[in-house]
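One structure is given here, and the rest of the page talks about it.
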Amino acid sequence: MAKKKGSEAVNELEAVDLISLLSMPENADSYEIELSVPEQDIDLAALGAEQLKEEQLAKSKTVVPAISSPSHPSHSPLSSSLPISASPSPITPTKIVSQPRVVSSKPVNLLSPIQGFENDSFDQIRKDISLCQLCGLCKTRKNVVPGVGNEQAKLVLIGEAPGADEDIQGIPFVGKAGKHLDKIIAAAGFKKEDLYICNILKCRPPNNRDPNLAEMKVCTPYLQRQLALIKPKLIGCLGNISAHYVISPSIPGITRIRGQWFDSIFGIPAFAMYHPSYLIRSESREKGSPNWQMWQDIRALKAKYDSI
Ligand code: URA
């Protein structure tokens, strides 16, 4: 393998690291064999760099997304019965484009201040969540799982709901999927302590079933309050459910929209990505596979994060 210098070499190592973390345990043998074929790693790094170049090009030709106020998504969490009357204005979802692109840097902060919560705090939100009985999940939860990380984060990652490990520990993304997420974000150069990580639901759905709409609706004001305090510049949606809720139910499935930026119901640009659990289940590491796509996406997200 040709020796590489500086960041190029680092990128190459990161590519190797990400590929290894996304390997299925059953594939340990083939993984060893593939690692001995360096060209594949070089390709990944080069392809990642190519995408970053495209991103930068796209940035210089920034397209302004549609932000208007006609039809509010029928599922909108912001019409929740909780006392949040300063609901953000609805926005229409950004038109889907075939290439990843950035959204306008136009300042849109529809979250602050939220009426009735002008003196809000993370302690208060945690307390409110721990007392919450707005849906049936309060009967089966072991612990509430409000969120973790930097309360001034530029980027908030939002998953769908806690699983069994999260329910036990009261911290999001600490199970198998979470460990993969940790490695993915580290491989892309993020420091976990700089990010805030949470879910739409703050309690675990039994048997890890998907969150239902009613649960998401009553739980969203907590997320809304968290975002209002954090004031992030960017949101990363982890998985189909998060993307469809945070962006719009009318967008196509995650396999078609991943790697793209959208307006979100919170007025903060949101980036669609695969859920780490999906990546754990996916065996392929070939170009075009979900694991490969995630590597492109997380690096594109990091490039955008670094640019603001
Ligand atoms: N999956 C999620 O969406 N969130 C978690 O916290 C854990 C697994």
Side-chain angles (χ1 to χ4, degrees), residues 75-88 111-153 155-179 181-182 192-232 235-239 241-242 245-246 265-266 268 275-277:
H75 80 303
S76 172
L78 305 170
S79 56
S80 156
S81 57
L82 275 191
I84 296 178
S85 56
S87 296
L111 290 166
S112 179
I114 299 177
Q115 218 173 48
F117 293 95
E118 288 83 0
N119 299 315
D120 214 1
S121 67
F122 281 92
D123 280 350
Q124 189 60 50
I125 297 172
R126 174 172 280 279
K127 198 171 158 196
D128 291 348
I129 294 171
S130 66
L131 297 171
C132 183
Q133 299 191 342
L134 289 171
C135 78
L137 300 183
C138 65
K139 298 194 184 104
T140 48
R141 72 184 174 214
K142 288 190 171 68
N143 285 293
V144 295
V145 186
V148 69
N150 190 318
E151 295 169 1
Q152 277 110 39
L155 169 64
V156 174
L157 298 179
I158 304 178
E160 56 191 62
D165 295 303
E166 290 77 19
D167 185 44
I168 290 166
Q169 296 189 41
I171 303 170
F173 286 101
V174 288
K176 207 170 164 196
K179 292 202 167 54
L181 179 65
D182 285 351
K192 196 178 176 189
E193 60 271 23
D194 289 342
L195 309 180
Y196 194 84
I197 302 177
C198 60
N199 288 299
I200 299 168
L201 292 194
K202 309 305 185 193
C203 298
R204 181 194 180 204
N207 304 316
N208 294 345
R209 66 158 168 76
D210 287 348
N212 67 42
L213 200 52
E215 290 159 352
M216 292 197 285
K217 277 178 82 168
V218 294
C219 212
T220 297
Y222 299 123
L223 176 57
Q224 190 181 15
R225 288 168 61 189
Q226 289 173 316
L227 292 173
L229 288 181
I230 299 167
K231 299 186 178 61
I235 288 174
C237 297
L238 296 171
I241 290 179
S242 170
Y245 198 68
V246 170
I265 57 170
F266 300 111
I268 298 164
H275 194 285
S277 324

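The analysis underlying the following values was restricted to heavy atoms, covering all of them including side chains, and did not include hydrogens, waters or symmetry mates. On a predicted model such as this, the values are computed, not experimentally measured, just so you know.
- Counting only distance, with no hydrogens or angles, the side chain of S242 and the backbone of I158 share a donor-acceptor pair below 3.5 Å.
- Here Q124 contributes atom CD and N119 contributes atom CG; the two are 10.0 Å apart, rounded to the nearest 0.5 Å.
- Taking every heavy atom of both residues into account, P206 and T140 meet most closely at CG-OG1, 3.9 Å.
- Summarising the local packing, CD of E193 is surrounded by more than 12 heavy atoms from other residues, nucleotides or ligands at distances under 6.0 Å.
- Ion pair K231/E151 not flagged as a salt bridge, since none of the NZ, NE, NH1 or NH2 atoms sits closer than 4.0 Å to an Asp/Glu carboxylate oxygen.
- For the residue pair Q226 and Y196, the shortest heavy atom distance occurs at NE2-OH, 3.4 Å.
- Shortest non-hydrogen contact noted between L181 and P276 is CB-CG, 4.0 Å.
- Judged by distance alone, the side chain of N207 and the main-chain N or O of R209 form no donor-acceptor pair under 3.5 Å.
- Here SG of C198 is found 6.5 Å from CG of L227. Values are rounded to the nearest 0.5 Å.
- Counting heavy atoms from C-beta outward, P205 and D210 have side chains that stay 4.5 Å or more apart.
- Side-chain atoms of D167 do not come within 3.5 Å of backbone N or O of R204 as any donor-acceptor pair.
- Between N199 and F173 there is a side-chain heavy-atom pair separated by less than 4.5 Å.
- Summarising the geometry, atom CD1 belonging to I129 is positioned 10.0 Å from atom CZ belonging to F122; distances are rounded to the nearest 0.5 Å.
- For C219, the side chain to side chain contact (heavy atoms under 4.5 Å, CB included) test picks out L201, K202, Y222, with sequence neighbours left out.
- Here the straight-line distance linking atom CD1 of I230 with atom CG of N150 works out to 8.5 Å at 0.5 Å rounding.
- Distance check: T220 OG1 to I200 CD1 gives 6.5 Å after rounding to the nearest 0.5 Å.
- Across all non-hydrogen atoms, the minimal contact from C138 to C132 is CB-O, 3.4 Å.
- Here the closest non-hydrogen pair linking I241 and P211 is CD1-CD, 3.8 Å.
- Here the closest non-hydrogen pair linking S277 and A177 is OG-CB, 3.5 Å.
- L229 has its side chain within reach of D120: a pair of non-hydrogen atoms, C-beta onward, lies under 4.5 Å apart.
- The side chain to side chain contact (heavy atoms under 4.5 Å, CB included) search around E166 returns V145, P162, V174, not counting sequence neighbours.
- Among residue pairs with one or both ends in residues 123-150, those qualifying as salt bridge (charged side-chain N to carboxylate O under 4.0 Å, His left out) are D128-R225; sequence neighbours excluded.
- Side-chain contact check for V156 versus I197: every heavy-atom pair is 4.5 Å or farther apart.
- We find the SG-CD distance between C237 and E160 to be 11.5 Å, quoted to the nearest 0.5 Å.
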